[in-house]
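Encoded as structure tokens, here's the structure I'll be asking about.
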Amino acid sequence: MMFQLDLKATPFNLEHTLRCGQVFRWEKTGDWWYGVVSDEAIKIRQIGGALLFQSFPDRVSIEFLKSYFRLDDDLSKILGEINRDEHVGAAIKALNGLRIIRQDLWESLISYMCAAHVSIPAIKNVILNLSKGLGKEVSFDGRVFYTFPKPSDLAEARLEDLKRCGLGFRAERVLEASKKVNSGDFGLETLRGMSYEEARGELLSLSGVGHKVADCVLLFSLDKLEAFPVDVWMKRIILGFYPRFFTADFVERVLARRSITPREYEKISSFGRKYFGRYAGYAQEYLFHHKRSEKLYQG
DNA sequence: ACATCCCCTTAGCC
DNA sequence: AGGCTAAGGGGAT
């Protein structure tokens, strides 16, 4: 059945939230966004202060969506705290209502492992291929969707099948991590009770998870809003907007090279956490999407 | 122990 | 249209 979630003057913008590159399972057709969330096919649209949605097999509740879109976050307060200068201020002005999504932990771990050195359009295809090959088919609204594979589905997959989904050199790492999660050797759910540093340490023990992937998992599915993921875009944004917080030598060196070392990552990421504070992850997402949308809407 | 260099698949984009 | 780059990470040196 069709549900309506009343936003009650809560700042929220569905477009910015689904377009900003944090999730890979949503596509817009006409007025509706279609996606797959926790084994459900779902469609959703925003009309003013209301969210309309319908899912199949009809188990997505209003409460679930409130949690998924983090509607309990006091966004006005968060944006007030991170609004430290004209750069992030411009992003907030342009993207007000963008929210971090609270993603499924298992799916975000695998998704961001797959995202290593891959463009966003290509990530979406990899995730879709994995779901087509190893997930469950769900028909809804005259379309076919595929749920995200379970740990056992991926753990029991053949390496060649994963590579055929477009995982490339990430296939071995994804397979190994899936086996560890599936066997209980890696306690994914135990991360929930840990601090940012503790959980990050655990995630880094997985082959295929470095600082960037760990920060994405921490931010997007472990409620660590202080996490500040630094990819190639954020590297340029931070060193471009805030060079005065680094030595000229550091800025020049890091901008000149393709990839950054763990130490360089830590310098940039910890700057973000200190400069923007406990909600640094929100600042990251606003800066990231604002910079990228310049290109996306160019032509 | 720590840092740097080099390699890794694949595909979308210019 | 071929080259470059991509929400990086691991391993050798």
Query - Full working for ring-ring contact (aromatic ring centres under 6.0 Å, His included) between A:F220 and A:Y112 - result: CA-CA 10 Å; A:F220 296 126; A:Y112 282 99; 5.5 Å; yes
Query raised in the report: So, A:R25 versus A:S131: side-chain donor-acceptor pair below 3.5 Å or not?
Result: yes
Query raised in the report: Under the criteria of a ring-centre distance below 5.5 Å and an interplanar angle below 30°, is A:F288 stacked with the base of C:dA7?
Result: yes
Report task. Give, ordered by number, those residues of residues 245-265 of chain A having at least one heavy-atom distance below 4.0 Å to an atom of DNA chain B; if nothing qualifies, reply none. Result -> A:R257, A:R263
**Report entry** DNA chain B contacts among residues 157-175 of chain A, heavy-atom distance under 4.0 Å
**Finding:** A:G168, A:F169, A:R170
Requested in this report: Give a yes/no answer on whether the side chain of A:N125 brings an N or O atom under 4.0 Å of OP1 or OP2 in B:dG12.
Outcome: yes
**Report entry** Nearest-Å distance once atom C1' is located in both B:dA1 and C:dT13
**Finding:** 14 Å
Query raised in the report: Are A:D85 and A:Y242 close enough that a side-chain donor and a side-chain acceptor fall under 3.5 Å?
Result: yes
Query raised in the report: Looking for any heavy atom pair under 4.0 Å, which part of the strands does A:G208 touch: base, sugar-phosphate only, or nothing?
Result: sugar-phosphate
Report task. Return one dot-bracket line describing DNA chain B 5' to 3' (Watson-Crick or G-U wobble pairs, both distances under 3.5 Å; ( ) same strand, [ ] crossing, | another strand, . none). Result -> ..||||||.|||||
Report summary line: Ranking A:L204 and A:C216 by the position along DNA chain C of their nearest nucleotide, the one closer to 5' is A:C216
Requested in this report: Describe the nucleic acid contact of A:V213 in one word from base, sugar-phosphate, nothing, applying a heavy-atom distance below 4.0 Å.
Outcome: sugar-phosphate
Query raised in the report: A:V209 near the nucleic acid: base, sugar-phosphate alone, or nothing, with a heavy-atom cut-off under 4.0 Å?
Result: sugar-phosphate
